[in-house]
Amino acid sequence: MLEVKLFGIRFENPLILASGVVDMTPELLRRAHNEGAGGVVTKSIGKEPRKGYDNPTIVELPYGLINAMGLPNPGWEAFLNEFIDERFDFPVIVSIFGGTPEEFAFLAEKLEPVADAFELNLSCPHAKGYGMEIGQDPKNVYEVVKAVKDVTDKPVIAKLTPNVNDITKLGLAAERGGADGVSAINTVKAIAIDIYAKRPILSNKVGGYSGPGIKPIALRAVYDLAKVLDIPVIGIGGITSWRDAVEFLLAGASALQIGTAVYLRGFKVFKEISNGIIEYLKEEGFSSIRDIIGLALKV
Ligand code: RRO
């Protein structure tokens with residue numbers, strides 16, 4: 001009932017662990033799947049090892065989190081060594097980030113043996129020279145996607161930033177570059193201030209807001225993208241309950257990623273959300289999740 005096929009890859013359910021959330025080791029990815037994720041995205045991997053920013057890197061707010069982790073990752077070589085002998089019986093999407101199209105292409109070539117698909121991080125909201133600094137410009141999105149598609153036959157998903165006036169321009173640029181899908185959204189650029197210290201809380205000062213507070217923004221982005229794109233849209237942003245998940249599916253998302261809810265409540269959210277979607281489909285008289293994707297676009 002929940003099975004979906006995206007860019008030739010079968011997912012037993014459409015709930016995918018989002019990049020950067022309890023996904024640092026093969027064991028954690030396996031646990032996510034054992035506890036109900038239909039697939040996983042790894043932490044974003046770059047050319048060199050990065051320790052990330054100093055603490056504090058996360059602020060908890062009533063309706064979500066602001067993070068500025070700073071792209072911590074072991075670098076492509078250590079990542080490849082760690083994953084090369086692993087066999088997974090679920091799809092593993094490898095997230096990569098770079099400062100130029102060539103750097104993205106280099107990483108895709110090197111990491112191809114351990115990737116079922118790539119997600120291009122064109123959207124981290126606070127990394128100098130990376131992420132959204134590149135991905136806010138449709139021309140760069142096109143060039144990065146094209147460079148990666150030129151070196152790999154694996155499906156390529158562009159992860160888009162909401163920090164622009166019209167996200168569909170980014171989605172259309174990704175599609176023109178040959179992307180197999182887009183994921184939307186990465187975090188919303190944000191800040192939190194300690195009123196007694198009278199300074200920003202995060203060591204990096206600004207960060208990215210995620211969780212229930214951004215859900216309506218993410219939903220709108222997915223709705224707009226699904227209206228104009230022919231490639232699948234993967235919805236991300238504050239999905240916490242099965243009701244949220246159904247909203248994204250109705251808005252045209254073909255699959256969903258869950259991050260902050262897993263961080264705050266653990267892997268059990270995958271089963272809770274799957275079970276809720278199944279009940280909803282039965283009550284509403286649908287036999288497959290595929291039957292509800294995009295229904296809200298038709299009115
Ligand atoms: O590592 C981070 O600080 C980070 C990344 Br790569 C990203 O894509 N989005 C985000 O909110 N944080």
Side-chain angles (χ1 to χ4, degrees), residues 16-25 28 40-61 63-76 79 93-100 103-104 107 111 118-136 140-141 144-145 148 156-164 167 170 174 182-192 200-215 217-218 221 234-239 257-264:
I16 299 169
L17 177 67
S19 178
V21 183
V22 279
D23 60 356
M24 295 302 281
T25 63
L28 283 169
V40 298
V41 188
T42 70
K43 177 73 200 157
S44 291
I45 305 298
K47 252 184 137 167
E48 308 295 339
R50 274 173 73 108
K51 145 176 153 335
Y53 302 138
D54 291 337
N55 283 328
T57 52
I58 294 195
V59 188
E60 280 198 43
L61 300 176
Y63 298 103
L65 308 172
I66 304 181
N67 89 82
M69 311 305 293
L71 294 142
N73 82 98
W76 72 268
F79 178 81
I93 301 168
V94 174
S95 171
I96 54 177
F97 73 92
T100 60
E103 224 171 285
F104 274 95
L107 291 164
L111 297 179
F118 289 105
E119 183 176 82
L120 312 181
N121 185 337
L122 291 160
S123 43
C124 178
H126 49 249
K128 198 136 187 48
Y130 296 113
M132 135 187 145
E133 282 198 9
I134 298 170
Q136 281 175 317
N140 293 339
V141 170
V144 169
V145 170
V148 173
V156 173
I157 304 154
K159 184 166 178 179
L160 306 178
T161 177
N163 302 300
V164 284
I167 198 168
L170 303 179
V182 296
S183 44
I185 58 177
N186 205 319
T187 50
V188 179
K189 196 167 182 177
I191 198 165
I201 296 174
L202 295 168
S203 76
N204 188 58
K205 302 188 178 77
V206 299
Y209 189 29
S210 62
I214 70 164
K215 195 204 81 183
I217 298 169
I234 301 175
I236 328 173
I239 299 170
Q257 289 184 19
I258 304 181
T260 301
V262 174
Y263 176 89
L264 292 172

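Quick note: numbers below take in every heavy atom, side chains included, and nothing from hydrogens, waters or symmetry partners. In each ligand, atom 1 is the first atom listed, and ligand 1 is the first ligand listed.
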task: Evaluate side-chain hydrogen bond (donor to acceptor under 3.5 Å, both in side chains) for E119 paired with S19, printing each intermediate quantity in order.
output: CA-CA 9 Å; E119 183 176 82; S19 178; 4.9 Å; no

message: Given a heavy-atom cut-off of 4.0 Å, could you list the residues near ligand 1 in chain and number order?
response: K43, N67, A68, M69, G70, L71, P72, N121, C124, P125, H126, N186, T187

query: Looking only at heavy atoms, what is the nearest atom pair of A158 and A174, with distance?
result: CB-CB, 3.8 Å

message: For a 4.5 angstrom cut-off between non-hydrogen side-chain atoms, does N121 reach S123?
response: yes

- request: Could you tell me whether a side-chain N or O of S95 sits under 3.5 Å from a main-chain N or O of K43, the two making a donor and an acceptor?
  value: no

message: For V164, is there any backbone N or O sitting under 3.5 Å from a side-chain donor or acceptor partner on Q136?
response: no

task: Kindly indicate whether the side chain of N67, heavy atoms from C-beta on, has any atom under 4.5 Å from the side chain of I58.
output: yes

